[in-house]
Amino acid sequence: MNKVYLSIGTNIGDREQNLKHAANLLYDTSGIDIKAISSIYETAPVGYLDQPSFLNISLLLETTFSAMECLKICQMIENELGRVRDIRWGPRIIDLDILLFNNENIEVEHLIVPHPRMYERAFVLVPLLEIAEQPFSTHLEMAKENVTNMDLQKEGIT
Ligand SMILES: Nc1nc2nc(S)n(CCO)c2c(=O)[nH]1
């Protein structure tokens with residue numbers, strides 16, 4: 001069984017409904033067991049600043065799927081909710097990112113785990129650490145270290 005941490009973000013439409021829809025699609029997927037879901041965080045946009053604020057959550061899954069299969073499932077859910085990939089850092093109806101896959105390091109085309117930008121993003125680290133299981137993996141220890149040194153108000157997470 002694989003342990004996978006995801007980050008989900010949305011800043012278009014009915015944002016809470018988008019999160020619920022994505023979580024329900026994961027819940028309904030045979031081979032995926034949702035073990036934890038974080039609180040919903042309102043977060044200031046990072047990257048492209050001229051866009052609405054996001055809602056972000058993190059989930060812990062247990063799954064029989066491989067990392068690549070998980071990536072495909074995340075992309076299917078984004079497509080199902082109508083994700084349009086136009087402006088790279090722009091507004092999106094839903095965005096599912098794989099943060100951690102067990103305590104593995106993965107670097108293949110289209111998939112890098114741990115997520116390459118997760119350690120610098122409070123909107124990822126705060127929900128993640130809310131649900132992270134003890135004892136922390138080395139990746140989660142680093143996440144905790146990084147978020148401890150962040151000014152969360154400045155990072156725009158409430
Ligand atoms: N606060 C916040 N800013 C973001 N910028 C991008 S791109 N995204 C999409 C995820 O990479 C987000 C996000 O989910 N939350």
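Bear in mind the structure is a predicted one, so any value in this text is a computation, not a measurement.
- Among residues two or more places apart in sequence or in another chain, the salt bridge (Lys or Arg N to Asp or Glu O under 4.0 Å) test is passed with K3 by E62, E133.
- A distance of 5.5 Å separates CG of L111 from CG of L71, quoted to the nearest 0.5 Å.
- For D14, the side-chain contact (heavy atoms from CB on, under 4.5 Å) partners two or more places apart in sequence, or in a different chain, are E16, Q17.
- Chaining together hydrophobic side chains whose heavy atoms lie under 4.5 Å apart places V126 alongside Y5, Y41, V46, L60, L99, L100, M118, Y119, F123, V124, L125, L128, L129, I131, F136, L140, M142, V147, M150, L152, I157.
- Hydrophobic cluster membership for V84: none, as no Ile, Leu, Val, Met, Phe, Trp or Tyr side chain comes under 4.5 Å of it.
- Environment of CG in D151: crowded, with over 12 heavy atoms of neighbouring residues, nucleotides or ligands closer than 6.0 Å.
- The two atoms that bring F54 and G9 nearest to each other are CD2-C, 4.3 Å, heavy atoms only.
- Other residues, nucleotides and ligands contribute more than 12 heavy atoms inside 6.0 Å of the CD atom of Q134.
- For the atom pair CG (N56) and CD1 (I8), the distance works out to 9.5 Å, reported to the nearest 0.5 Å.
- Ion pairing between a basic and an acidic side chain is recognised when a charged N comes within 4.0 Å of a carboxylate O; E78 and R92 show no such pairing.
- M1 forms part of no hydrophobic cluster, judged by ILVMFWY side-chain heavy-atom separations under 4.5 Å.
- Considering only residues two or more places apart in sequence or on other chains, T64 meets the side-chain hydrogen bond (donor to acceptor under 3.5 Å, both in side chains) condition with none of them.
- Taking CZ of R83 as the start and CG of N18 as the end, the distance is 12.0 Å to the nearest 0.5 Å.
- Interatomic distance, I12 CD1 to I94 CD1, rounded to the nearest 0.5 Å: 10.5 Å.
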